[in-house]
Amino acid sequence: MENEAKNNPYYSRTDRAPLNVSNDEWKNILSPDLYAVAREAATERAFTGKYNEFNEIGEYFCAVCGNHLFRSTSKFSSSCGWPSFFEADKEGVYYKRDLTYGMDRVEVLCKRCDSHLGHVFDDGPKPTGLRYCMNSVSLEFVPDEQ
């Protein structure tokens with residue numbers, strides 16, 4: 001992932017300014033797997049993502065642009081096959097109704113680069129009751145300093 005960030009002139013963990021980058025340009029910058037999920041709303045196979053069973057303490061950022069998305073303390077084991085969180089950074093994400101595949105869902109997108117991250121459902125734990133079901137490939141984890 002760090003290699004991708006080095007090849008990505010738009011990647012920043014501090015800049016929150018919205019990006020206006022064409023999918024053609026993203027396709028030249030991102031790996032095929034990340035492009036498929038982030039820009040074409042594909043979904044990685046259940047139980048295959050690197051953060052599905054992962055419990056380190058730190059922060060999760062958008063793998064496309066570096067925008068802050070989640071704190072590890074909001075991650076929980078949902079057994080759904082994808083990393084799940086009960087709370088997102090309100091400045092990091094926005095939502096869109098998703099009616100694809102005959103389902104009525106709420107898509108979660110990065111507020112900075114408009115990349116698809118996953119979906120949010122109302123079957124999560126307290127205190128929010130939400131389950132942000134995310135694609136690992138769309139996330140970059142940065143551990144807390146020791």
### Query
Which atom pair, heavy atoms only, marks the closest approach of K111 to Y94?
CA-CD2, 3.7 Å
## Note on the structure
Smallest heavy-atom separation, F121 atom then C133 atom, equals CE1-CB, 3.8 Å
## Note on the structure
All heavy atoms of L19 vs all of C113, minimum pair found to be CD1-CB, 4.1 Å
### Ion pair check, D15 and R112, cut-off under 4.0 Å
yes
### Query
Hey, does V137 have a side-chain heavy atom less than 4.5 Å from the side chain of L34?
yes
### Query
With a cut-off of 6.0 Å (strictly less than), are more than 12 heavy atoms of other residues, nucleotides or ligands near CG of D123?
yes
### Task
Mind listing the closest non-hydrogen atom pair of E107 and A41 along with its distance?
OE2-CB, 4.3 Å
### Task
Tell me, with the steps shown, if D98 and T100 meet side chain to side chain donor-acceptor pair (under 3.5 Å).
CA-CA 6 Å; D98 178 0; T100 59; 2.6 Å; yes
### Query
Is there a side-chain contact between Y51 and N135 (heavy atoms, below 4.5 Å)?
no
### Query
Who are the side-chain contact (heavy atoms from CB on, under 4.5 Å) partners of K27, not counting sequence neighbours?
Y35
### Query
Should C65 and Y10 count as side-chain neighbours, where that means a heavy-atom distance under 4.5 Å?
no
### Message
Does any part of the side chain of V142, heavy atoms only, come nearer than 4.5 Å to the side chain of R13, both counted from C-beta?
### Response
yes
### Task
Check whether more than 12 heavy atoms from other residues, nucleotides or ligands sit under 6.0 Å from atom CD of E40, and answer yes or no.
yes
### Heavy atoms of other groups near D122 CG, more than 12 under 6.0 Å
no
### Query
Tell me, do V108 and Y95 make a side-chain contact under 4.5 Å, heavy atoms counted?
yes
Give every donor-acceptor pair under 3.5 Å between a side-chain atom in residues 54-64 and any protein atom, sequence neighbours left out.
residue	atom	partner	partner atom	Å
E59	OE1	H68	NE2	2.5
E59	OE2	R71	NH1	2.8

